[in-house]
Amino acid sequence: IGNQEVILDAEHLQFNEQTLSHYMETEAAWFDYYGQKLADAESFMQRAELAYDVIYSERFKEHKDNGCSDKLAESNSKADMDVVRHKEAFLAAKHNVRLLQQHLKAWDRAHENAQSRGHFLRKEMDKLNKDIYLDKQVEGIIKELDLNSMEN
């Protein structure tokens with residue numbers, strides 16, 4: 001974006017049961033960072049579009065002043081290398097905006113997946129804790145039965 005480099009690292013989107021907490025703790029900061037970079041990229045794109053519009057209009061006016069028809073002035077302006085370079089810069093900036101938008105969309109999807117994974121982990125833990133609790137109750141009943149049978 002302009003003169004700054006932004007790394008779209010998909011590894012930040014990965015998590016598992018062991019790293020889920022760390023992921024949830026850090027995702028908002030990354031989302032904020034990429035949101036800021038998207039705003040920067042959109043601003044840069046708008047400035048590139050403005051520069052393209054200005055140079056195109058200047059070239060169009062020059063060709064019109066030289067007696068060209070509107071269609072010929074348009075063709076000559078579009079073929080001008082300065083206009084082409086500005087158009088390429090604008091298209092590259094537009095591409096960067098789209099990349100950042102897609103990366104933020106991936107963060108949204110990863111967030112949904114992390115919440116879902118956390119929900120299912122909690123459900124599994126609740127079920128597991130019930131099983132452990134029931135196992136302890138059964139052990140207590142067996143011990144009590146053993147003690148009663150020893151006394152008799």
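With sequence neighbours excluded, the residues forming a side-chain contact (heavy atoms from CB on, under 4.5 Å) with Thr26 are His22, Trp30, listed by chain and number. Legend: residues meeting side-chain contact (heavy atoms from CB on, under 4.5 Å) with Glu5, ordered by chain and number and at least two apart, are Ile7. In this structure Gln36 satisfies the side-chain contact (heavy atoms from CB on, under 4.5 Å) test together with Asp32, sequence neighbours excluded.
Summarising the geometry, atom CE belonging to Met45 is positioned 9.0 Å from atom CG belonging to Leu38; distances are rounded to the nearest 0.5 Å. The CE atom of Met81 sits 14.5 Å away from atom NZ of Lys87, with the distance rounded to the nearest 0.5 Å. Distance CG/Leu20 to CD/Glu27: 9.0 Å, rounded to 0.5 Å. Note that NE2 of His103 and CZ of Phe31 are 10.0 Å apart. Values are rounded to the nearest 0.5 Å. The distance from atom OG of Ser21 to atom CD of Glu25, rounded to the nearest 0.5 Å, is 6.0 Å.
When every heavy atom of Lys37 is checked against every heavy atom of Ile1, the shortest pair comes out as O-CD1, 3.4 Å. Across all non-hydrogen atoms, the minimal contact from Tyr34 to Asp9 is OH-N, 3.7 Å. The shortest non-hydrogen separation linking Trp107 to His12 is CH2-O, 3.4 Å. In terms of heavy-atom proximity, Ala110 sits nearest to Tyr23 at CB-OH, 3.1 Å. The two residues Leu100 and Ala41 come nearest to each other via the heavy atoms CD1-CB, 3.6 Å.
The cluster map of Ile, Leu, Val, Met, Phe, Trp and Tyr, joined by side-chain heavy atoms under 4.5 Å apart, puts Tyr52 and Val97 in different clusters. A chain of hydrophobic side-chain contacts below 4.5 Å, direct or via other Ile, Leu, Val, Met, Phe, Trp or Tyr residues, connects Leu99 to Leu104.
By the 4.5 Å heavy-atom criterion applied to side chains, Asp40 and Gln4 are counted as neighbours. Side-chain contact check for Tyr33 versus Val6: some heavy-atom pair is nearer than 4.5 Å.
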All N/O donor-acceptor pairs, side-chain side in residues 67-75, below 3.5 Å, sequence neighbours left out:
residue, atom, partner, partner atom, Å
Ser69, OG, Leu72, N, 3.2
Asp70, OD1, Lys64, NZ, 2.7
Glu74, OE2, Lys78, NZ, 3.1
Ser75, OG, Lys71, O, 3.2

When the side chains of residues 88-95 are checked against the rest of the protein, which donor-acceptor pairs come out under 3.5 Å, sequence neighbours left out?
none

For this session: Could you go through the side-chain contact (heavy atoms from CB on, under 4.5 Å) check for His63 and Glu58 one step at a time?
Result: CA-CA 9 Å; His63 292 293; Glu58 286 174 356; over 6 Å; no

Exercise. Where do Asp108 and Lys105 land on the salt bridge (charged side-chain N to carboxylate O under 4.0 Å, His left out) test, with the steps shown first?
Worked result: CA-CA 5 Å; Asp108 280 339; Lys105 189 175 179 181; over 6 Å; no

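The closest donor-acceptor contact from the side chain of His86 to the backbone of Asp82 lies under 3.5 Å.
Through direct or relayed side-chain contacts under 4.5 Å between Ile, Leu, Val, Met, Phe, Trp and Tyr, Leu50 connects to Val54.
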